[in-house]
**Student:** 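I have a structure here, written as structure tokens, and I will follow up with some questions on it.
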Amino acid sequence: MRLEVGQLAPDFTLECAGGETFQLKTELENSENGVIVYFYPRANTPGCTTEACDFRDSLASLQGAGYEVVGVSPDKISALDKFAEKQSLSFPLASDPDKEVMKKFGAFGEKKNYGKVVRGVIRSTVVVGKDQKVKVAMYNVRAKGHVGRLRKELGL
């Protein structure tokens, strides 16, 4: 079940690269306008690297507009640590190995992969406002150019 604009986003707490913990509710309290939660299939793959670097390169302007960013994947912390270091990613990368958070956000389920229907991580981005309500929900996004489309959607 996908989240829709205006719906309350589920709170979550996940372990992150670098030994940190990310809790949505806490991050919302500390942000000016909200949190951008993006879900990606696997660290250090071409599409996921493109998307992560796009968020990295846009981070200053997103934060300047009052948004924090977190990337969520089913990867182990060790893989996220390597990914963050290799790509100089300065925003949290959270591990959701059981895919529970992804399922709650509608970012895991059936998708088409090279014409076949498979179950897996659906590349998605959900912008959660200060009130914990969904401001933007984008599913089945393409890695390339996605952050630009998101910035446009947010009026940045």
Side-chain angles (χ1 to χ4, degrees), residues 3 8-109 111 119-151 153-154 156:
L3 295 180
L8 201 61
D11 188 28
F12 66 89
T13 302
L14 292 172
E15 296 298 314
C16 295
E20 301 294 315
T21 300
F22 182 94
Q23 181 182 26
L24 181 60
K25 201 168 200 157
T26 302
E27 294 301 320
L28 287 172
E29 289 169 3
N30 296 330
S31 74
E32 189 179 320
N33 286 320
V35 175
I36 298 167
V37 184
Y38 84 93
F39 298 93
Y40 62 99
R42 189 162 177 208
N44 281 314
T45 57
C48 296
T49 299
T50 295
E51 186 177 28
C53 291
D54 211 358
F55 271 109
R56 176 199 65 203
D57 296 345
S58 297
L59 190 61
S61 68
L62 293 169
Q63 288 177 330
Y67 293 98
E68 295 303 321
V69 174
V70 62
V72 180
S73 79
D75 291 306
K76 293 179 181 176
I77 295 295
S78 58
L80 296 178
D81 283 333
K82 289 176 189 167
F83 187 42
E85 185 178 339
K86 184 176 180 181
Q87 302 303 331
S88 302
L89 304 175
S90 58
F91 53 86
L93 295 177
S95 174
D96 185 17
D98 300 328
K99 303 167 192 81
E100 291 304 314
V101 174
M102 292 181 177
K103 290 173 186 170
K104 289 178 183 174
F105 274 74
F108 185 85
K111 65 178 187 173
R119 286 187 59 74
V121 178
I122 299 164
R123 191 181 305 277
S124 311
T125 299
V126 177
V127 180
V128 183
K130 290 275 301 174
D131 58 1
Q132 207 172 327
K133 289 185 179 174
V134 176
K135 291 174 84 168
V136 176
M138 302 168 89
Y139 292 93
N140 292 310
V141 299
R142 294 198 183 282
K144 191 171 184 166
H146 168 59
V147 176
R149 287 187 296 280
L150 177 63
R151 289 169 49 88
E153 182 80 22
L154 293 170
L156 306 178

**Student:** Once you round to the nearest 0.5 Å, how far does CZ of R142 lie from CD of E51?
**Tutor:**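 The distance works out to 12.5 Å.
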**Student:** Without swapping roles, check the side chain of S124 against the backbone of I122 for a donor-acceptor pair under 3.5 Å.
**Tutor:**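 Yes; at least one donor-acceptor contact below 3.5 Å.
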**Student:** Atom CG in D54, atom OH in Y38: separation rounded to 0.5 Å?
**Tutor:**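 So the gap between those two atoms works out to 9.5 Å.
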**Student:** Has N33 got a side-chain atom pairing as donor or acceptor with A65's backbone, closer than 3.5 angstrom?
**Tutor:**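 Yes; at least one donor-acceptor contact below 3.5 Å.
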**Student:** Just checking K130: does its NZ atom have more than 12 heavy atoms from other residues, nucleotides or ligands closer to it than 6.0 angstrom?
**Tutor:**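 Yes.
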**Student:** Can you measure from OG (S58) to CZ (F91) and round to the nearest 0.5 angstrom?
**Tutor:**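 It comes to 10.0 Å.
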**Student:** If you round to the nearest 0.5 Å, how far is NZ of K111 from CZ of R123?
**Tutor:**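 One gets 7.5 Å once the value is rounded to the nearest 0.5 Å.
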**Student:** Hey, is the main chain of V72 close enough, under 3.5 Å, to the side chain of D96 for a donor-acceptor pair?
**Tutor:**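 No.
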**Student:** Please round to the nearest 0.5 Å and tell me the distance separating atom CG of L156 and atom CG of L150.
**Tutor:**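 Rounded to the nearest 0.5 Å, the CG-CG separation comes out at 7.5 Å.
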**Student:** Would you tell me whether S61 and R151 have side-chain atoms, one donor and one acceptor, within less than 3.5 Å of each other?
**Tutor:**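 Side chains of S61 and R151: pair found under 3.5 Å.
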**Student:** Counting heavy atoms not belonging to R42, are there more than 12 under 6.0 Å from its CZ?
**Tutor:**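 Incorrect, the count does not exceed 12.
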**Student:** Once rounded to the nearest 0.5 Å, what's the spacing between atom NZ of K86 and atom CG of N44?
**Tutor:**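 Those atoms lie 5.0 Å apart.
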**Student:** Give me the ring orientation class for F105 and F39: parallel if the planes are under 30° apart, tilted from 30 to 60°, perpendicular past 60°.
**Tutor:**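 Correct class here is tilted.
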**Student:** Taking all non-hydrogen atoms of both residues, which atom of A137 and which atom of L3 are closest, and how far apart?
**Tutor:**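 Minimum heavy-atom contact is CB-O, 3.5 Å.
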**Student:** Indicate yes or no for a side-chain donor-acceptor contact from D81 to the backbone of E85 under 3.5 Å, with no hydrogens or angles considered.
**Tutor:**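 No.
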**Student:** Are more than 12 heavy atoms, taken from residues, nucleotides or ligands other than K76, located less than 6.0 Å from that residue's NZ atom?
**Tutor:**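 Incorrect, the count does not exceed 12.
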**Student:** Which word best sums up how the rings of Y40 and F83 line up, parallel for under 30°, tilted for 30 to 60°, or perpendicular for over 60°?
**Tutor:**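 Tilted: the ring planes of Y40 and F83 meet at 30° to 60°.
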**Student:** Might you point out which heavy atoms bring C48 and P41 nearest each other, and give the distance in Å?
**Tutor:**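 Shortest heavy-atom separation between C48 and P41 comes out as SG-CD, 3.4 Å.
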**Student:** Counting N and O atoms only, with roles assigned by atom type, does the side chain of E68 sit under 3.5 Å from a partner on the main chain of V35, one being a donor and the other an acceptor?
**Tutor:**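 It does not hold such a pair.
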**Student:** Without swapping roles, check the side chain of D131 against the backbone of K133 for a donor-acceptor pair under 3.5 Å.
**Tutor:**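 Side chain of D131 to backbone of K133, a donor-acceptor pair under 3.5 Å: yes, one is there.
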**Student:** Return yes if some donor-acceptor pair links the side-chain N/O of S95 with the main-chain N/O of D75 below 3.5 Å, else return no.
**Tutor:**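 Judged by distance alone, yes, a pair lies under 3.5 Å.
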**Student:** Determine the minimum heavy-atom distance between F108 and V121, stating which atoms define it.
**Tutor:**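 Closest heavy-atom pair between F108 and V121: CD1-N, 3.6 Å.
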**Student:** Determine, step by step, whether V126 and Y139 satisfy the side-chain contact (heavy atoms from CB on, under 4.5 Å) criterion, reporting the C-alpha distance in whole Å, the side-chain angles of both residues, the deciding distance to 0.1 Å, and the verdict.
**Tutor:** CA-CA 8 Å; V126 177; Y139 292 93; 3.9 Å; yes
